[in-house]
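For reference, the structure is listed below as structure tokens.
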Protein chains: 2
Amino acid sequence: MVTLAEVAQHAGVSASTVSYVLSGKRSISGATRQRVEQSIRELGYHPNAGARALASSKSNIIALMIPLRTDMYVPVMMEIAIAVATTARTHGYDVLLLTGEEGPDAVRRVTGSGLADAMILMDVQLDDERLPLLRGTDQPSVLIGLPADTSGLTCVDLDFKATGALCVEHLAMLGHRDIAVIGEAPAVYERHTGFAERTLDGLRLRSQELGMRLLHRPCEGGYDAMAVTLARILDERPSTTGFVVQNESAVEPLLALLRQQGRAVPEDVSVVGICPDQVATQASVRLTSVSIPAQEMGRHAVEQLVAKLDGRGSDEVLLITPELTVRASTGPAPSPTH
Amino acid sequence: MVTLAEVAQHAGVSASTVSYVLSGKRSISGATRQRVEQSIRELGYHPNAGARALASSKSNIIALMIPLRTDMYVPVMMEIAIAVATTARTHGYDVLLLTGEEGPDAVRRVTGSGLADAMILMDVQLDDERLPLLRGTDQPSVLIGLPADTSGLTCVDLDFKATGALCVEHLAMLGHRDIAVIGEAPAVYERHTGFAERTLDGLRLRSQELGMRLLHRPCEGGYDAMAVTLARILDERPSTTGFVVQNESAVEPLLALLRQQGRAVPEDVSVVGICPDQVATQASVRLTSVSIPAQEMGRHAVEQLVAKLDGRGSDEVLLITPELTVRASTGPAPSPTH
DNA sequence: ATAGGTTGTCGAAGCGCTTCGACAGCTTTT
DNA sequence: AAAAGCTGTCGAAGCGCTTCGACAACCTAT
């Protein structure tokens, strides 16, 4: 491995000069800079990460904690992770991948060892056991998701409450009065995952305000589970004409089942999805949906973090405004007469 | 931050002794060891990663390069990534997430800077431009996927050629003679991604051996693309009774379309998937499939890598034997008489 | 022409750890 | 009883970098 010292020698300057060329923290004459840069190129020099971290107390690494569960839509996680990684790179950071498995210990380990300069947490529970640790350290962090108490924390998330409201409003506008919500798997609610509960809040509140009836049923993904759930819903509330689906792996099964039962979408029933655009556009009926801006969330999280690391930025909650795209799965409610 | 020296002082020993307690590289008396461990716990000591990396020239980090494309089934990537991360942790390694974006430069950067001790590459092209770099360095690496020339490389992958053969055999055994293959998106083939081509090889070879007719059509995911593709296939070869699907986002669309056209699965046509079990079991018809052992691949990759880092292990190609699970989507070919 | 600024460069200290050689105090062998 | 070998511990060097203070060399202003 070629070292700073070797570059310095090759360029006929001192080591510190090379360092300053690299960091730009002191002014260097054009001639010297060029000579040094030339040497760096010729020798194929790459600064040693460990030495750098030791001397500067900065690792230039951002830790990203992803959940290892797979009961929530995985592509969203992946898209966030990729957005985090690419955005981090544009700011000169690399990303360390941590799974939720280690839990709070991972936070301790990373902060304690200086492995990373900052961290991003995904899959935040309303009352997450990692939060006290984050509050108790001076290491910057950003949550993707919203816990119950956001004081002293920086968070980025879709405004799921507004998302719920938006879905209800769209269906209300079309004349629907009885709505059923196909939710995430029961485990997601038991775990008190913020986004699921907030969506539900938004749905309930707005439907109440608009005088609509709302039925919420958690649902494991897949065809069989969806069949059972749908049967129960139609049994309990046959007048249901609008569906809101928040479980991506229930979308296609729902559409298939409705078709199979002779209920036309959108003539007889309307369906609104809360899912990535890709799912909405690839479904057998192009789905009216509120999209999950995974990329945007990942990007914002990194940018907040970098701002903090640069001494700018502060603790604040950034809620992304949901947008509903009308596609082919929603239409006017059928008149009750026929 | 508490340092080694502070622990040493607290325990009344020298710094090197503490280091040896931590690494176990020299024998330490029970009494001393306990005193040191006690101090470590009391002070909440965590070794500094940068210092460690500098002094030992080992970062205890494995780099994982994932593709940033999303035209291939993302959950598989995610599952591999998670398996890699958790397996790595059990061996004391952390995982650095790199996206394919940087390409060969990422390899140079990581090897050059000592950021990681080893790397795992996913989404390997048959003629991948990162390979010469890997061969030219002494940093261990493992590929998930198979390039054209594997000399001097360690690879882990599902045996896709055998997978193709297996699918054909299953359909042959059931009496099918005309088979259509719904492949990955055209871009995947244009890129010469190994697994897609090897599957095709296996399918073609075995169907030829068994005297079957095979039609291969790439297909973007989604309902609309699948509709077009299916129409073309049935137009060109109306006698088709067996389908092999290698594009996971075409599975449900295909099933829906067949249903819609009044072709019953498995009575009229049989469908075999090459996809993760989750997709196969959640489909509207439980799919006979060869599963993609994502976890196993991630785990094996890490274990090969750790073996190399420990001086054991060698360059070899590990092909995982495919397994076909019969579910509800395949049955005897309809007799040609009716 | 001299005091006061800049600008560009260098030397040296030190970041927190690992690791090598040394060695004191034992135990075993001859 | 001396030589040889273990064990457990320590001190010091050094990994490759950043950063601070020092200081020539050159510019202004007066």
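No hydrogens, no waters, no symmetry mates; every other heavy atom, side chains included, goes into these values. So that the names make sense, note that chain A is the first sequence line, chain B the second, and so on, each numbered from 1.
- Taking the charged nitrogens against the carboxylate oxygens, A:Lys308 and A:Asp315 do have a contact shorter than 4.0 Å, which makes a salt bridge.
- Regarding B:Gln34, its CD atom lies at a distance of 16 Å from the C1' atom of D:dG8, rounded to whole Å.
- As rounded to whole Å, 13 Å separates atom P of C:dC17 from atom CG of A:Leu115.
- The base of C:dC20 is paired with the side chain of B:Tyr20 by a donor and an acceptor separated by under 3.5 Å.
- Of the side-chain N and O atoms in B:Lys25, none sit less than 4.0 angstrom from OP1 or OP2 of C:dT18.
- Atom pair A:Lys58:NZ and D:dC17:C1' shows a separation of 14 Å (rounding to whole Å applied).
- Side-chain nitrogen and oxygen atoms of B:Tyr45 include at least one within less than 4.0 Å of the OP1 or OP2 phosphate oxygen of C:dC17.
- Remark: P of C:dA13 and CG of A:Leu54 are 17 Å apart, rounded to the nearest angstrom.
- C:dG8 atom P lies 9 Å from atom CZ of A:Arg33, rounded to whole Å.
- Within the 4.5 Å cutoff, the side chain of B:Met77 has no heavy atoms near those of the B:Ile66 side chain.
- Regarding contacts with the backbone of C:dT18, a side-chain N or O of B:Ser19 is found under 4.0 angstrom from either OP1 or OP2.
- Nucleic acid contact for B:Ile28: sugar-phosphate only, since backbone atoms but no base atoms lie under 4.0 Å from a heavy atom of the residue.
- Rounded to whole Å, atom P of D:dC17 lies 14 Å from atom CD of A:Gln9.
- Put simply, B:Ser56 has no side-chain N or O that comes within less than 4.0 Å of OP1 or OP2 on C:dT18.
- Side-chain to base pairing of B:Ser27 with D:dG8: no donor and acceptor N or O lie closer than 3.5 Å to each other.
- Counting distance only, with no hydrogens placed and no angle test, the side-chain atoms of A:Ser14 and the base atoms of C:dG11 include no donor-acceptor pair under 3.5 Å.
- Between the side chain of A:Arg26 and the base of C:dT9, a donor-acceptor pair under 3.5 Å is found.
- Here B:Arg89 does not pair with A:Asp105 in a salt bridge; the nearest charged N to carboxylate O distance is not below 4.0 Å.
- Look at B:Thr17 and you'll find a side-chain N or O under 4.0 angstrom from OP1 or OP2 of D:dC10.
- Among the heavy atoms of the strands lying under 4.0 Å from A:Ser29 are primed sugar atoms or P, OP1, OP2 only; no base atom is included.
- Between the A:Thr87 side chain and the A:Val84 main chain, no donor and acceptor come within less than 3.5 Å of each other.
- Between D:dT18 and A:Arg52, a contact under 4.0 Å exists linking OP1 or OP2 to a side-chain N or O.
- Distance, B:Leu4 CG to C:dC15 C1': 13 Å, rounded to whole Å.
- A 4.5 Å side-chain heavy-atom check between B:Pro104 and B:Pro132 finds every atom pair outside the cut-off.
- Ranked by how close their nearest DNA chain D nucleotide is to the 5' end, B:Gly30 and A:Gly50 are led by B:Gly30.
- Side-chain polar atoms of B:Gln38 and B:Arg35 form no donor-acceptor pair below 3.5 angstrom.
- Here C:dT19 presents its C1' atom at 14 Å from CG of B:Leu22, a figure rounded to the nearest Å.
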